[in-house]
Amino acid sequence: MALSNDVESPSAELMLAFYRRLYPFKSVFGWLNHEHTPTKFFTHREFAFTLPGDVYLRYNSFATADDLKKQVCTLNPTRFEIGPVYSARPRDKKTVRPAAFTPQLRELVFDIDMTDYDTIRTCCSGAEICRRCWVFIAAAVRVMDRSIRDQFGYKYLLWVYSGRRGIHLWISDREAMELTDEQRRALVGWVTVIQGGKEMHKKVNVRVGSRPLPPSLAMALEPLAVVFGDLILADQDCFASEEGWEALLHLIPDKTVVENLRKKWTANPERSSEDKWDDLKKEVKEYAKGTPQRATLTAAMEDIILQYTYPRIDAEVSKHRNHLLKAPFCVHPKTGRVCVPVDPETIDSFRPERVPTVSQLLQELDEVLPAAGDAAEHHSDWERTSLKPYVDMLDRHVMTLMEETRRTKRDMTW
Amino acid sequence: MALHSQIPHRLNFYDRPPLDDITIEEFETCALDRLRVLAEIESSFARNRSYDELKTVTLEQCKKYLPLNSSTAIAVDRDAERRKDHVGHFVLRLAFCRSEELRRRFVKAETSLFRIRYDSDDRVERDAFLNSRDFDWIPVTDEERLEYRAELSAASTSKDAVPEKERYYKVKWTRVPDLIEKRKVFLKGGLAFVPAREQSSIVFQEFQTHLERDLEMTAKALPRLDEDTRIVPILNNLSQGFLAGVSSEWSSSPAGNGNEITADMVDELSRKHFPACMRNLHDSLRRDRHLKHFGRLQYGLFLKVLGLSIDEAILFWRRSFSNIQDDKFNKEYRYNIRHSYGLEGKRANYPARSCQQILMSDQPGASDSHGCPYRHFAPDNLQSALLSMYSSQGLTSADLAEVMNTVKAGHYHVACTRVFEITHASQGVKKGEGVGGGESVTHPNQYAARSRELERGKDEGFKTEADGDVVMQIS
């Protein structure tokens, strides 16, 4: 078998072998179901399949993990997505009254995608992603993970690499699952900082007049200031080009400062981004402490740091319970990489290019397991591949979730 | 009966349904009057009124249809007011629980009404009301306040707020989504620290969730009530009222005091005072020298209420159907005209069609001209029709975008009201004023009457001569 290139779409045979032998259906079932015996969390859950040729099959549902596996192996989809838990089994949608078929529960999900950073990153654009731009995602994950846990008090967060240039977050806390669309919208409002399209220079408008940053953002600012120095100034060198520093000047609300800086930078265009940021700091210090000009400029600098580094989330994904999102461990059809869970603690050392691809995994399997004895069942073949640490990570997550479910049930019976 | 003790506060969460006997009439009037208020709130949203405008307009409507005075008010029948408020709310629950869409709109309008009453309530009484319920908020202790001092101060939206002096309450964040969305509170571990100033947010949210839950329960219980043939038609009628606004009192009698009009005046009147639906019928009649059945009905009843007497009506229609022989006219049309004036058949004095009826019943077919242009015209046809009808009265193509937006959103009577405002701007009608006091158009006759009233107000002294002029121009 030829070693398939990373950018080639995996073939139908590869996909089928992957679903048969490697996909961790049991773990994904446990994660969706919160306990061992199937409940509505699984049986009333929508699955949507994407088949080759853009055929999209919605409103599938299954009684057990084996049912799901059987159907996946029959259809051999390029990917499948997970939707909400409905008030009836999705497969019965056509036979129940429309009013009796409404989304009830759903993990709270977030989607962060590298394309939203295209206006800032200087290394790549579009679908491309490199180690340098992953730093944006890593910073976003750290900020989001911390604020969701600290402010909203949620505990069961699962971060999943989307297979190419983004990351998904699934929150399985009971309360998060029960959020209404209105509450989801409110929560999205709380975490959304970057607003306004291409034509809007200043995308951070979070203050009331000249008030300090809201506490949730003040908390995020500290780590982001470090990211700003390392990533925006040093690595990406965002203000090197004239376009880059003009964008920065647009965000400074003081005409004199802007004029001084523009003059200086036009005369010395080779000044690095770090130099230019220092120039700005110096200009700000021209105003005495406690003057309103100084305060305004300091606030503007904080806003600039947020604008360049604060997580940019795709808000629409999170607002509605019935939004579908690609299941973990699916294979990205363009890259062949598996959508593996990611530990936010070690997000900085995560390398997208090291995530196993389907062909790589199947090859590993061929190597450890001589072709002979594959008549038997293949549930746990992933244990013999580099997929193991990722499945283990999900299993640990599932265990804590199930423990929580048991605890709640016990408390209820008392 | 000690009703007063049953409803001790002006503000009401409507926990308990009314249990005493209610007549069908009371059932309907309580609901209709409340619906007038709610419909006005709805159309205010559609017209993008600010909260202050909404409050003024709504309190005005409330005074007219649904007065509700504070406990200290004297010389009013407080108990009767509160009973009406109470009954009306519960009847409308029955009417509006039946679809997701109706529930959503009802909750929105009711919550706004509650908010307006809350904001206009007497402080002492409001506190008494708040104390009478358990809102399940946990007061923030001094230690917590000290611990999160910096955060609380940064989270407050006004400069003068001092966390040490402010009282705070902790609630689950899901109970104050509006404050969360705008980052107006400090949030820790899923609990929102709500300052006393923003306490009302919790109350409104509580009212809303409470009502949403109750409506769903009512919806489940409703099928058992469908048996009652007296109530179901009323409920159907009420829920439609939300879509088209509630018709005002423009039922039968031609407004007296010298408002008689003659067949000759109709052309002129139509150009100056008619809403688009009647303009369209009139123009079609002139163009085709004929109108189909429902068109005759809609236009004929409108003219009747406008003040066209039976003799003038027969004259008007006879002249209008100019290529029809006398014989055919007398056989086929005269009877129907007299019938609509209550002079034939069952001799009922039929009221003119309200916007609601025009919008909802007898949908126009391919060759019909009746209906509501805002609803039944294709968007581009509507735009050119509006321009040709009203450009002489000041409507420009620049105004169309706004009108078409409301049309697109399905707020036909709002679009019509806006056109009224634009075409009467020269008489001093401002945006948001509607057909007087912020009311929206709910009846074509209300539109025409208000338009004529404005004109009379303008040239009070020349009234008689002006009318004479009109006749001359026409002939």
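In what follows, every chain begins at residue 1, and chains take the letters A, B, ... in the order their sequences are listed. Reckoned from all heavy atoms, side chains included, excluding hydrogens, waters and symmetry mates.
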Can you establish whether the number of heavy atoms outside A:E403 located under 6.0 Å from its atom CD is more than 12?
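Correct, the count exceeds 12.
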- Message: If you count every heavy atom of other residues, nucleotides or ligands that lies below 6.0 Å from B:K55 atom NZ, does the total exceed 12?
- Response: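 Enclosed.
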Less than 4.5 Å apart, any side-chain heavy atom of A:F136 and any of A:I112?
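Answer no - side chains too far apart.
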| message | What I'd like to find out is whether the side chain of B:M217 reaches to under 4.5 Å of the side chain of B:K220, using heavy atoms alone. | response |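 Contact flag for B:M217/B:K220 side chains = no.
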query = Could B:K188 and B:E151 be called an ion pair, given the rule that one side-chain N must be under 4.0 Å from one carboxylate O?
reply =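 Between B:E151 and B:K188 there is no salt bridge, as every charged N stays at least 4.0 Å from the carboxylate O atoms.
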- prompt: Mind checking which of residues 140-160 of chain A sit less than 4.5 Å from chain B, heavy atom to heavy atom?
  reply: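 When heavy atoms of chain B are the reference, residues 140-160 of chain A contributes A:D150, A:Q151, A:F152, A:G153, A:Y154 within the under-4.5 Å range.
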query: Mind checking which of residues 302-311 of chain A sit less than 4.5 Å from chain B, heavy atom to heavy atom?
result: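 Residues of residues 302-311 of chain A touching chain B at under 4.5 Å: none.
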Passes side chain to side chain donor-acceptor pair (under 3.5 Å), A:Q183 versus A:T180? Steps please. CA-CA 5 Å; A:Q183 289 161 340; A:T180 63; 3.3 Å; yes
message = Taking the six-membered ring for Trp, are A:W190 and B:W173 closer than 6.0 Å centroid to centroid?
response =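 When the ring centroids of A:W190 and B:W173 are compared, they turn out to be at least 6.0 Å apart.
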Notebook entry, point to check: B:E216 versus chain A, heavy atoms under 4.5 Å apart: side chain, backbone, both or neither?
Noted result: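 Neither part.
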Part of B:K172 within contact of chain A (heavy atom distance under 4.5 Å)
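The answer is the side chain of B:K172.
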Check whether A:E175 gets within reach of chain B through its side chain, its backbone, both or neither, counting any heavy atom under 4.5 Å.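 Contact with chain B involves the side chain of A:E175 alone.
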**Prompt:** Of the options A:I171, A:L32, A:D173, which is the one that meets A:E107 in a side chain to side chain contact (heavy atoms under 4.5 Å, CB included)?
**Reply:**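 Going through the options one by one, the only one that passes is A:L32.
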Inset, instruction - Could you walk me through whether B:Y14 and B:D214 pass the side chain to side chain donor-acceptor pair (under 3.5 Å) test, one step at a time? - result: CA-CA 10 Å; B:Y14 309 103; B:D214 284 1; over 6 Å; no
Practice prompt. Mark yes or no for whether A:T405, through its side chain, and A:H34, through its backbone, hold a donor-acceptor pair below 3.5 Å.
Written response: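 Yes, because the side chain of A:T405 sits within donor-acceptor range (under 3.5 Å) of the backbone of A:H34.
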request  = Verify side-chain contact (heavy atoms from CB on, under 4.5 Å) between A:D181 and A:K319, making sure each step is shown before the conclusion.
outcome  = CA-CA 6 Å; A:D181 286 359; A:K319 284 182 185 168; over 6 Å; no
